[in-house]
Amino acid sequence: MNNNDSGIHEINNDSILRQIDLNLLLVFDVLMQEKSVSRAAERVFLSQSAMSNALKRLREMLEDPIMVRSAKGMQPTPRALALEAPVRSILQQVVRTIQPAQPFEPDISRARFIIGMNDYSENIVLPPLAASLRQSAPNVELVVHMLTAEDPEHLLETGRLSFIIGAEAYNKVSKRLRSENWISDRLVCLVSQNHPLAARQQLNLEQFEELRHVYPSPLGLRTNIVETWLAEQGLQRSIAVTTRSYWVAAQIVSGNDYLLSVPFRVALKLMNNFPLCLLEPPKGFPSFRLNLTWHPLYESDPETQWILSQVRKLF
């Protein structure tokens with residue numbers, strides 16, 4: 001079928017709908033259930049004469065008697081019997097479509113939440129979220145979608161992402177999306193326990209600039225808030241290695257004289273697994289903020305709002 005044929009088909013459908021009184025479908029459904037004009041009239045709060053008139057119009061619309069008197073009372077015609085199930089299904093679908101969304105029941109739900117995350121949120125947020133949901137929603141599924149620097153609006157709009165837990169730098173998304181600041185974290189520095197500066201408590205700006213750095217870039221961006229802050233001081237750090245993973249960065253730093261700048265919560269995890277020392281960064285070092293982002297289409301969706309509420313409770 002070509003495009004012109006498709007357009008004609010849509011116009012014909014529209015014309016047919018304009019000729020149909022959709023209220024008569026409800027009349028038909030009640031008549032088929034009651035097999036009585038008087039009882040059907042009581043069900044839909046019409047007078048018997050009004051119901052008889054509705055039956056007359058229904059017969060004209062369907063070009064069929066619909067109900068015929070017999071020794072056993074009103075009997076539906078074969079056409080009416082053929083239409084009974086489809087019409088009832090249509091009415092039920094209308095009710096399901098327009099009725100208020102049902103409350104989300106986490107204890108029995110098998111919902112699947114696809115969460116956009118970077119390395120920080122996967123390491124810091126996912127473990128406690130999974131532990132919390134194991135108790136409150138034992139049958140739901142969490143799926144991590146690793147973020148890139150691309151705008152996620154289309155993924156959120158189409159439901160391929162439930163929501164995003166991203167860093168502040170990732171907040172450069174469409175203004176049409178809903179976004180809120182959630183938690184903050186301060187940035188700290190990590191060096192190997194064998195590093196010449198390991199015994200110090202804080203680095204000054206000169207030391208920070210002189211050292212070679214391992215740069216964890218979960219989104220694959222070339223610059224981040226540290227680069228921006230240094231540029232404001234008229235400085236630029238020397239990067240030896242760029243990786244998307246905090247854990248890979250920690251492995252590299254633990255065996256070399258490099259410096260790693262990471263959020264404090266991440267630093268604590270890395271220090272539990274690698275021979276690293278924490279140093280306070282130079283004064284005025286920037287902080288790290290995490291936001292939640294979702295599409296306004298799901299502003300009133302019970303599932304989406306429930307899982308967002310669970311994330312907000314974590315910290």
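These figures come from a predicted structure and were not determined experimentally.
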Exercise: identify the closest heavy-atom pair between Leu46 and Met51: CD1-CE, 4.1 Å
Residue pair Leu55, Leu31: steps toward the side-chain contact (heavy atoms from CB on, under 4.5 Å) verdict: CA-CA 9 Å; Leu55 175 57; Leu31 280 169; 3.7 Å; yes
Side chain to side chain, Cys189 and Ser261, heavy atoms closer than 4.5 Å: yes
From CD1 (Ile307) to CZ (Arg312), nearest 0.5 Å: 11.0 Å
Nearest-0.5 Å distance that lies between atom CG in Leu58 and atom CG in Leu62: 5.0 Å
Check: Asp29 side chain, Leu25 main-chain N or O, donor-acceptor pair, under 3.5 Å: no
OG-CD distance between Ser109 and Glu303, expressed to the nearest 0.5 angstrom: 5.5 Å
Salt bridge (Lys or Arg N to Asp or Glu O under 4.0 Å) between Arg57 and Asp21, intermediate numbers included: CA-CA 9 Å; Arg57 290 162 52 214; Asp21 183 350; 2.3 Å; yes
Side-chain heavy atoms of Met61 within contact of Leu24, under 4.5 Å: yes
Donor-acceptor pair between Arg79 and Thr77 side chains, under 3.5 angstrom: no
Any donor-acceptor N/O pair, Gln202 side chain to Pro281 backbone, under 3.5 Å: yes
Common cluster, Tyr246/Val248, ILVMFWY with side-chain heavy-atom separation under 4.5 Å: yes
Side chain to side chain, Val143 and Ile115, heavy atoms closer than 4.5 Å: no
Face-on cation placement of Arg186 at Trp229 ring, 6.0 Å and 45° thresholds: no
His154 side chain to Arg160 side chain, donor-acceptor N/O pair below 3.5 angstrom: yes
Shortest non-hydrogen separation from Ser38 to Gln48 and the atoms involved: CB-OE1, 3.7 Å
Exercise: do Asn123 and Trp247 side chains pair donor with acceptor under 3.5 Å: yes
Verdict with supporting geometry, Phe104 and Trp306, ring pair (Phe, Tyr, Trp, His ring centres under 6.0 Å): CA-CA 7 Å; Phe104 181 68; Trp306 179 83; 4.9 Å; yes
Verdict with supporting geometry, Lys269 and Arg265, side-chain contact (heavy atoms from CB on, under 4.5 Å): CA-CA 7 Å; Lys269 281 181 172 285; Arg265 290 187 178 93; over 6 Å; no
Donor-acceptor pair between Ser245 and Thr243 side chains, under 3.5 angstrom: no
Closest heavy-atom pair and its distance - Arg59, Met74: NH2-CE, 4.3 Å
Ser184 versus Arg289, side-chain donor and acceptor atoms under 3.5 Å: no
Whether Ser162 side chain and Ile114 backbone form a donor-acceptor pair below 3.5 Å: yes
Gap between atom CD1 of Ile164 and atom CG of Leu155 - 0.5 Å precision: 7.5 Å
Check: Asp257 main-chain N/O paired with His195 side-chain donor or acceptor under 3.5 Å: yes
Ring center gap for Phe208 and His213 short of 6.0 angstrom: yes
pair Leu187-Ile225: side-chain heavy atoms closer than 4.5 Å: yes
Shared hydrophobic cluster for Phe163 and Tyr298 (ILVMFWY, side-chain gaps under 4.5 Å): no
side-chain contact (heavy atoms from CB on, under 4.5 Å) evaluation trace for Leu190 with Val262: CA-CA 8 Å; Leu190 293 175; Val262 294; 3.8 Å; yes
Joint hydrophobic cluster, Leu268 plus Leu279, side-chain heavy atoms closer than 4.5 Å: yes
More than 12 heavy atoms of other groups within 6.0 Å of Gln233 CD: yes
Sub-4.5 Å side-chain heavy-atom contact between Glu299 and Trp294: yes
Side-chain donor or acceptor of Thr304 paired with backbone N/O of Asp301 under 3.5 Å: no
Whether Tyr120 and Phe288 hold their rings parallel, tilted or perpendicular, with breakpoints at 30° and 60°: tilted
Residues, nucleotides or ligands: over 12 heavy atoms within 6.0 Å of Lys56 NZ: no
Glu60 atom CD, neighbour heavy-atom count above 12 within 6.0 Å: yes
CD on Gln201 to CG on Leu278, rounded to 0.5 Å: 10.5 Å
Pair Arg200-Gln207, side-chain contact (heavy atoms from CB on, under 4.5 Å): steps then yes or no: CA-CA 11 Å; Arg200 298 184 66 88; Gln207 291 166 331; 3.5 Å; yes
Heavy-atom donor-acceptor pair, Asp64 side chain to Ile66 backbone, under 3.5 Å: yes
Donor-acceptor contact present, side-chain Asn181 to main-chain Asn291, <3.5 Å: no
Test item: Ser132 side-chain N/O and Pro128 main-chain N/O as donor-acceptor pair under 3.5 Å: no
Validation row: Ile165, Thr293 side chains within 4.5 angstrom (heavy atoms): no
Non-hydrogen atoms of Ser136 and Gln310 that approach each other most closely: OG-OE1, 4.2 Å
Side chain proximity check, Pro282 to Asn204, heavy atoms < 4.5 angstrom: no
Within 45° cone of Tyr215 ring axis and under 6.0 Å: Arg237 NZ or CZ: yes
Contact summary for Leu126 and Val144, nearest pair of heavy atoms: CD2-CG2, 3.5 Å
salt_bridge(Arg110, Glu141) N-O dist < 4.0 Å: no
Same cluster (ILVMFWY, side-chain, under 4.5 Å), Val87 and Leu22: yes
4.5 Å side-chain heavy-atom contact, His145 and Met117: no
Leu308 reachable from Leu133 in the ILVMFWY side-chain graph, under 4.5 Å edges: yes
Salt bridge (Lys or Arg N to Asp or Glu O under 4.0 Å) between Glu157 and Arg176, intermediate numbers included: CA-CA 10 Å; Glu157 181 179 339; Arg176 290 184 292 271; over 6 Å; no
Main-chain N/O of Ala85 paired to Ser89 side chain as donor or acceptor, under 3.5 Å: no
Phe285 side, atom CZ; Leu205 side, atom CG - distance, nearest 0.5 Å: 9.0 Å
Smallest separation among heavy atoms of Glu122 and Pro127, with atom names: O-CD, 3.3 Å
